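Accompanying notes for the structure given below.
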Amino acid sequence: MAGEYNGSSKASESVFKIPPIKFTKLFINGNFVDSVSGKTFEAIDPRTGEAITRVSEGDKEDIDLAVKAARQAFDHGPWPRMSGSERGRIMMKFADLIEENVEELAALDAINGGKLFSHCKAMDIPGAARNLRYYAGAADKIHGTVLKLSKGFQGYTLREPIGVVGSIIPWNFPTIMFFMKAGPALAAGCTMVVKPAEQTPLSALYYAHLAKLAGLPDGVLNVVNGFGETAGAAISSHMDIDKVTFTGSTEVGRKIMTAAAASNLKPVSLELGGKSPLLIFEDADIDQAVNIAFNAIFYNKGEICVASSRVYVQEGIYEIFVKKLVEKANAWVIGDPFDLRVNQGPQTDKKQFEKILSYIEHGKREGATLLTGGKRLGSKGFYIEPTIFTEVKVNSLENNYAIEEDMTIAKEEIFGPVMSLMKFKTMEEAIKRANNTTYGLAAGVITKNLNVANTVSRSIRAGIIWLNCYTAFDVDCPYGGYKMSGFGREFGLDALNQYLQIKSIVTPIHDSPWH
């Protein structure tokens, strides 16, 4: 058995009293409203599988109302017309309010998404405030360029807000994903319709409330709970939305692109799936490498797009690496995310829970060796042991080393606490195997050799490469995908530019003394 299971909630109740749920309706044009249909759906506590509350279920008609409000706010409202510094001031106030309510917000993501309360309080919620402040500081620094044109003309460019943005966010990091999109879009002067994941709508509604308190004008930020097939599809195909930004699965990303192209050909930015490799070379510090590898897949119960689910260890250190990895897995504590002793909470929902267990069975049937884990924990809730497979087979050899993985668990994104552990001989082999995937979101390299680090990081086709670290995100560091992991970049000024259009203006210059 991998890890210790602490299924009791008594310890967690003594640490933090879960607050009542305040906001469950849709937020449209500055007000909380029922859905047009009056329908609601359950928000589930993954610790138990039971309902926390019911929230309003938005559909196409509700998206239409939200888009109408966002369009009015963009075309005629003050937000895109106020100075960048004034937008920044309101965003700074928004950030302050988030910090003032950090415990309640952290509790919402923990109870609704199974995320560790301590991590949400220390990282996710403060990270949202940092994100807002970063882009608030950029709001008055959006510049065009002056062009030196041939003949008797002068030109310059403007960077203008793209318009109404539809934002469809996932359930694994509800807060971070909300502001990953909202921060740069609001700074640019855009208005938004946000559809949170149906699994985790509670914190998004609270952020809508705080946005109103901060002074965002009505219609600038709208939040519509609902399902992807209805509310999400309505956003993707809406003729009056100017851009869609989406983080989620590659399968859904394809549908969004198709709908966007078939409607008004709106631009789309996609941050999609991954099957990220972590390459550990023989000169690595073993203990450091084990810690990095373990946390890179089991952090946030493996529900992270950049999770290093494929771990390649050079053969000279493979055996000792495996031994230490098992020791770490056995010390891992799974249980109530409000318990400060716990390292891993429940998977976000029943569907994902069952999908992960199905992949684990695939690995067993296809002949991989189950090193540790592989089962659910407890009789209620969506808890799964940290699972490590070895002997993950390959079906192609070149120059006597493996270049292609054969098993499903090494090829498909699982999005859960499941590691495929493999060995390699040479740097060339490691590079080929790392690149042998349809994805290209992230990768990690652990080595003390600068030449190896430089060669490998330039050879792997992925949007971000971490050297001797992993998941080292920062709001100033852009990241995004290659290949089927999507396109566009989150974070940094690159993200801001995705919400801006470039307009060129040209005028004749008569009788200029120079050209």
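The model shown is predicted, which means the values in this text are computed figures rather than measured ones.
Here the NZ-CD1 distance, from Lys93 to Ile98, works out to 12.0 Å after rounding to the nearest 0.5 Å. One distance of note links CD1 of Ile44 with NZ of Lys351; it measures 14.5 Å at 0.5 Å rounding. Here the CG-CD distance, from Leu132 to Glu99, works out to 10.0 Å after rounding to the nearest 0.5 Å. From Asp339, atom CG reaches atom CG of Leu116 across 10.0 Å, with rounding to the nearest 0.5 Å. Rounding to the nearest 0.5 angstrom, the gap separating the OG1 atom in Thr53 from the NZ atom in Lys22 is 14.0 Å. Put simply, CG on Leu500 and CD1 on Ile142 are 5.0 Å apart, with the number rounded to the nearest 0.5 Å.
Using a 4.5 Å heavy-atom threshold, the side chains of Glu354 and Lys350 count as touching. A 4.5 Å side-chain heavy-atom check between Leu210 and Leu105 finds at least one atom pair inside the cut-off. The shortest side-chain heavy-atom distance between Asn436 and Lys411 does not fall under the 4.5 Å cut-off. The closest side-chain heavy-atom distance from Met82 to Ile90 is below 4.5 Å. Put simply, the side chain of Ile384 reaches to within 4.5 Å of the side chain of Gln347, judged on heavy atoms. When side chains are defined from C-beta on, Thr247 does not count as touching Cys305, because their heavy atoms never get closer than 4.5 Å. Leu186 is listed as a side-chain neighbour of Trp79, based on a closest heavy-atom distance under 4.5 Å. Gln352 has its side chain out of reach of Gln199: every pair of non-hydrogen atoms, C-beta onward, lies at least 4.5 Å apart.
Side-chain contact, Gln498 with Thr245: no donor N or O sits under 3.5 Å from an acceptor N or O. If you check the side chains of Tyr439 and Glu413, you find no donor sitting under 3.5 Å from an acceptor. In this model, no donor atom of one side chain and acceptor atom of the other lie less than 3.5 Å apart for Asn295 and Tyr470. Residues Ser263 and Ser237 bring no donor and acceptor atom of their side chains to less than 3.5 Å of each other.
Listed for the Asn222 side chain is a donor-acceptor partner under 3.5 Å among the backbone atoms of Asn29. Remark: the backbone N or O of Val475 is not paired with any side-chain donor or acceptor of Asn131 at under 3.5 angstrom. Between the side chain of Thr250 and the backbone N or O of Met484 there is at least one donor-acceptor pair closer than 3.5 Å. No donor-acceptor pair closer than 3.5 Å links the side chain of Lys503 to the backbone N or O of Leu158. A side-chain donor-acceptor contact under 3.5 Å links Ser485 to the backbone of Gly273. Judged by distance alone, the side chain of Thr258 and the main-chain N or O of Arg254 form a donor-acceptor pair under 3.5 Å. Here the side chain of Asn343 pairs no donor or acceptor atom with the backbone of Ile334 at under 3.5 angstrom. Side chain of Asn300 to main chain of Glu303: a donor-acceptor pair is present (N/O by atom type, distance under 3.5 Å, no hydrogens or angles). Side chain of Asn225 to main chain of Ser56: a donor-acceptor pair is present (N/O by atom type, distance under 3.5 Å, no hydrogens or angles). Put simply, the side chain of Arg489 never gets that close to the backbone of Pro478: no donor and acceptor are under 3.5 Å apart.
Of the residues listed (Tyr134, Tyr207, Tyr135), the one engaging Phe179 in a ring-ring contact (aromatic ring centres under 6.0 Å, His included) is Tyr207, and it is the only one. Between Lys301 and the choices Asn172, Thr348, Ile356, the side chain to side chain contact (heavy atoms under 4.5 Å, CB included) rule is met once, by Thr348.
Of the charged side-chain nitrogens involved, at least one lies within less than 4.0 Å of a carboxylate oxygen, so that Arg47 and Asp45 count as a salt-bridged pair. For the pair Asp64 and Lys68, the salt-bridge criterion is not met [side-chain N within less than 4.0 Å of a carboxylate O]. Under the 4.0 Å criterion applied to side-chain N and carboxylate O atoms, Arg87 and Asp140 are not assigned as salt-bridge partners. Under a 4.0 Å N-O distance rule, the pair Asp242/Arg71 qualifies as a salt bridge.
Under the 6.0 Å distance and 45° angle rule, Lys243 counts as a cation-pi partner of Tyr499.
Nearest heavy-atom pair, Lys25 versus Val33, reported as atom, atom and distance to 0.1 Å: CB-O, 3.2 Å. When all heavy atoms of Gly163 and Cys190 are compared, the pair lying nearest together is O-CB, 3.2 Å. Nearest heavy-atom pair, Pro170 versus Thr200, reported as atom, atom and distance to 0.1 Å: O-OG1, 4.1 Å. Taking both residues in full, the closest heavy atoms of Lys181 and Met177 are given as CG-O, 3.3 Å, listed atom of the first, atom of the second, then distance. Minimum interatomic distance between Ala110 and Phe338 (heavy atoms only, all atoms of both residues): CB-CZ, 3.6 Å. Closest approach of Arg310 to Ala410, counting heavy atoms only: CD-O, 3.3 Å.
For Asp109, the side chain to side chain donor-acceptor pair (under 3.5 Å) partners at least two apart in sequence or on another chain are Thr175, Ser203.
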**Q.** From CA spacing to verdict: side chain to side chain contact (heavy atoms under 4.5 Å, CB included), Thr438, Lys275
**A.** CA-CA 8 Å; Thr438 58; Lys275 196 69 181 174; over 6 Å; no
Q: Would you please test Asp75 and Arg81 for salt bridge (Lys or Arg N to Asp or Glu O under 4.0 Å) and show each step?
A: CA-CA 9 Å; Asp75 288 349; Arg81 289 160 187 81; 5.6 Å; no
Q: Test side chain to side chain contact (heavy atoms under 4.5 Å, CB included) on Ile460 and Asn435 and set out the steps.
A: CA-CA 6 Å; Ile460 294 178; Asn435 280 330; 3.8 Å; yes
Q) Taking it one step at a time, do Phe173 and Met180 satisfy side chain to side chain contact (heavy atoms under 4.5 Å, CB included)? A) CA-CA 10 Å; Phe173 286 90; Met180 186 182 288; over 6 Å; no
(Q) Applying side chain to side chain contact (heavy atoms under 4.5 Å, CB included) to Phe487 and Leu270, what does each step give before you reach the verdict? (A) CA-CA 5 Å; Phe487 45 82; Leu270 303 173; 3.8 Å; yes
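Ring geometry, Tyr206 versus Phe23: the interplanar angle exceeds 60°, so the pair is classed perpendicular (tilted spans 30 to 60°). Taking the six-membered ring where the residue is Trp, Trp171 and Phe415 present perpendicular rings, their angle passing 60° and hence far from 30°.
With a 6.0 Å radius and a threshold of 12 heavy atoms from other residues, nucleotides or ligands, Lys255 has its NZ atom at or below the threshold. Within a 6.0 Å radius of CZ in Arg461, other residues, nucleotides and ligands contribute 12 heavy atoms or fewer. Around CE of Met257, the count of heavy atoms belonging to other residues, nucleotides or ligands within 6.0 Å does not exceed 12.
Two rings, from Phe41 and Phe227, have their centers less than 6.0 Å apart. For Tyr479 and Trp466, the gap between ring centers reaches or exceeds 6.0 Å.
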